[in-house]
Every structure is written in structure tokens, then in C-alpha cells.
Amino acid sequence: MTLKLGVIGAGAIGQEHIRRCSKVLQGAEVVAVSDINVEGAKAAVARLGLNAEVYADGHDVVNSSNVDAVLVTSWDPTHEEYTLAAIAAGKPVFCEKPLAMTAEGCRRVVDAEIKFGKRLVQVGFMRPYDAGYRALKKVITDGEIGEPLMLHCAHRNPTVPENYTTDMAITNTLIHELDVLRWLTEDDYKSVQVVFPRVTSKTHAKLKDPQIVLFETRKGIRIDVEIFVNCAYGYDIQCEVVGEEGIAKLPEPSAVQMRKNAQLSTAILTDWKDRFIDAYDVELQAFINDATAGKLTGPSAWDGYAASVAADACHKAQNSGAIEPVELPERPAFYN
């Protein structure tokens, strides 16, 4: 069976997902695409040599009788609307992060899915599909370092544009850690504090950079995450887990070590798309397989909601400087 996909949003990530679903992965065919820029969507479809209908309205994609499942890769504020529409139509939907712009919006998606009675939503958190994170998770779950006590993490970008602001360090950057660290520790956040070190000269007036986000989980694990989005030297993701009996560290991306000009060097990536390109492939292949089988197993609407609740607490902590509670309700049995 070939899963017929409709893609809402033909921008950069949308075009990448259309390409991988059409040219790299198995079991799926892109049959419908929509974008506010219809001509741009038509050009993307033609460039990839696809026989897909192009619409101006994402609801036409959701409601097409030819579409089995939906990918939402449109402008962030539209994610909730199109995801709710897919649930109402009874179609599996892969929604890029964020699931919604607010925790309340994410909760509306959760409630709609529970009311429908079947998991239909997967959120685009790709790190649990990364080979390095999976290897790190196995070390933890196998008990090789004992119970986790502390995590030391970093999320560094070489540079960000002028429109990137202090709050975006949470919703555009830390959001991936907010999801993957819950997955790694199998724990939820209890509280958070944000502190601001000396500001780098490479930032601008609307962005305090770097930031350090300090979490305590319900089990008492302490987590610190450095967010440094103008680090200059490259795109660098770090995660070290300190356990009772040892330490486990996220492996570095594979790179050739060179000896040249009296120097020993290893290249560092500069583009996030290169760092996680394989994870995106694995993530979407899993969605295709699960949607075809009729049972989704990837990051859920509840995971999207949990990340949003934590993000809201982080924003509050950015402004207050205090330790703020992360008030996440108990997970519904529907998601167990």
C-alpha cells in the first residue's frame, strides 16, 4: 500500500519533506501540496517532477479524498488549525513543531484527539530518531551508569538573524531539548530558572545571548542547558548524563580527523539540517509506516503540549529571574 500524503506549506522545511517523502523514503507518495504562495508551490512540485495537485488553502489538502495523511509544515501560527482539521477528518497528521503557539492551543489538540478516540497526531521532534540520542538513551535504560543525577547540555548556533529575540531562544531553540530530555530521562519538569551570563558582543539589542536554563525534574534530576545562538564557531549540540555509577555523553557527529599544517583538526558542522538530516529521514519513515499500519508511536500531541507548558514556564522565568514551577497535569491514560 502506498500512503498518499498531502503537504500544507511548501517553504524550506516543507520542500525538504516533500523531497524526502518522494525521493528518499518508501511507501508514500505526495499527491497534494498547498501554500499561500501558490506559484512557489507549483514551482517546487515541478522541480521535483511530481504529479501533485496544488492548492492555495490547506483545508483543501485535508479534505481531499485522494489524501490519506497530512504533513503540516506551514507558518507556525497555522499549525493548530490544520492539525485540528486533520483530526476532524480522521486523518493521521505529522505536524512540525510547534504543535500550537500556546499551551492552551496544544491542549485543544490533545482534547480533540482524545475525543476522536485514536492517536492521529505526531509532532516533528526529530531528536529521538537521531542515532546518537538513541545510543545515549539505551545506555540510560540499560542501567549502565546507574540512575541519572544530573544532565549538562548545550545548544549552540553560529549566528542568528536580527529578528531572533530573547524569547525565541526557548520556542525556536530550547524546544527540542524540552522534548528530548523528557524522553531521555522518562521524567517531567518540576521547576525552571533562567539566568543570563555576560552578553556576547555578537548579539543585538533584542537578544540576550547566551542564556542558561536550569531545570529540576519530578524525580530530582538537575539539568542545565546552555543556549548560545551566536557562538560563531559552528552548530554544536551537547548532552552529558551524570549517573550514580558513570557518565554517558552524546556522541559527536562523524567527521574525518585531519593532520595538516602542523595541526590536528576535526571539522564542526555549521548547519542544523546537516546535523540531523538522517534523523529527519528516520522520523518521517516511521510516520509513514505507522500511519499505514494505523497506529502512531512517535512524539505525541501530549509531548507537544508538555513541551509548550515547559516553554511557558521558561518564558516566565526569563522575565522574573526566579525559580518558576512547571505545572503540567498528569498525563491522560489515553497516551500511556
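Note that the coordinates shown come from a computational prediction; the quantities given were computed from them, not determined experimentally.
- Residues I8 and V93 share a single hydrophobic cluster, defined by chaining ILVMFWY side chains whose heavy atoms lie under 4.5 Å apart.
- Minimum heavy-atom separation, F334 to R119: CZ-N, 3.6 Å.
- A 6.0 Å sphere centred on CD of E16 holds more than 12 heavy atoms belonging to other residues, nucleotides or ligands.
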As a quick check of understanding, evaluate salt bridge (charged side-chain N to carboxylate O under 4.0 Å, His left out) for R275 and D130, giving each step before the final call. CA-CA 9 Å; R275 171 63 179 85; D130 175 71; 3.1 Å; yes
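- Under the 4.5 Å side-chain heavy-atom criterion for ILVMFWY residues, a single connected hydrophobic cluster contains both L296 and L5.
- What you find for T171 and I175 is that their closest heavy atoms are O-CG2, 3.4 Å.
- Formation of a donor-acceptor pair under 3.5 Å by the Q15 side chain with backbone atoms of A44 is not found in this model.
- Of the N and O atoms on the side chains of D209 and T203, not one donor lies less than 3.5 Å from an acceptor on the other residue.
- Smallest separation of non-hydrogen atoms from M126 and A279: O-CB, 3.6 Å.
- Connection of F125 to I140 is established within a shared hydrophobic cluster, with ILVMFWY side chains joined at heavy-atom distances below 4.5 Å, either directly or through further cluster members.
- If you chain together hydrophobic residues whose side chains sit under 4.5 Å apart, V72 and L84 fall into the same group.
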Assess whether salt bridge (charged side-chain N to carboxylate O under 4.0 Å, His left out) is satisfied between E162 and K206, documenting all intermediate values. CA-CA 8 Å; E162 288 288 322; K206 294 182 179 179; over 6 Å; no
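- Not a single donor-acceptor pair under 3.5 Å links the side chain of K208 to the backbone N or O of F196.
- The shortest side-chain heavy-atom distance between S22 and L50 falls under the 4.5 Å cut-off.
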Would you please test S64 and N66 for side-chain hydrogen bond (donor to acceptor under 3.5 Å, both in side chains) and show each step? CA-CA 5 Å; S64 170; N66 199 33; 5.4 Å; no
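- For residues 303-315, the set of pairs meeting the side-chain hydrogen bond (donor to acceptor under 3.5 Å, both in side chains) definition, not counting sequence neighbours, comprises R182-D303, S300-D303.
- W183 has its side chain out of reach of R127: every pair of non-hydrogen atoms, C-beta onward, lies at least 4.5 Å apart.
- Salt bridge status for R107 with E104: absent, with no side-chain N to carboxylate O gap under 4.0 Å.
- Under the salt bridge (charged side-chain N to carboxylate O under 4.0 Å, His left out) criterion, the residue pairs touching residues 64-88 are E80-R108, with sequence neighbours excluded.
- Although no hydrogens or angles enter the test, the distance criterion places a donor-acceptor pair under 3.5 Å between the side chain of Q193 and the main chain of G321.
- Across every non-hydrogen atom of G90 and F116, the tightest pair is CA-CZ, 3.6 Å.
- Taken together through direct or relayed side-chain contacts under 4.5 Å among Ile, Leu, Val, Met, Phe, Trp and Tyr, V242 and I221 form parts of separate hydrophobic clusters.
- Annotation: side chain of S74 is not in contact with side chain of I36 (no heavy-atom distance under 4.5 Å).
- Among L181, T185, V192, L151, the single residue meeting the side-chain contact (heavy atoms from CB on, under 4.5 Å) criterion with F215 is V192.
- Below 30°, between 30° and 60°, or above 60°: for H176 and H155 the angle between ring planes is between 30° and 60°, a tilted geometry.
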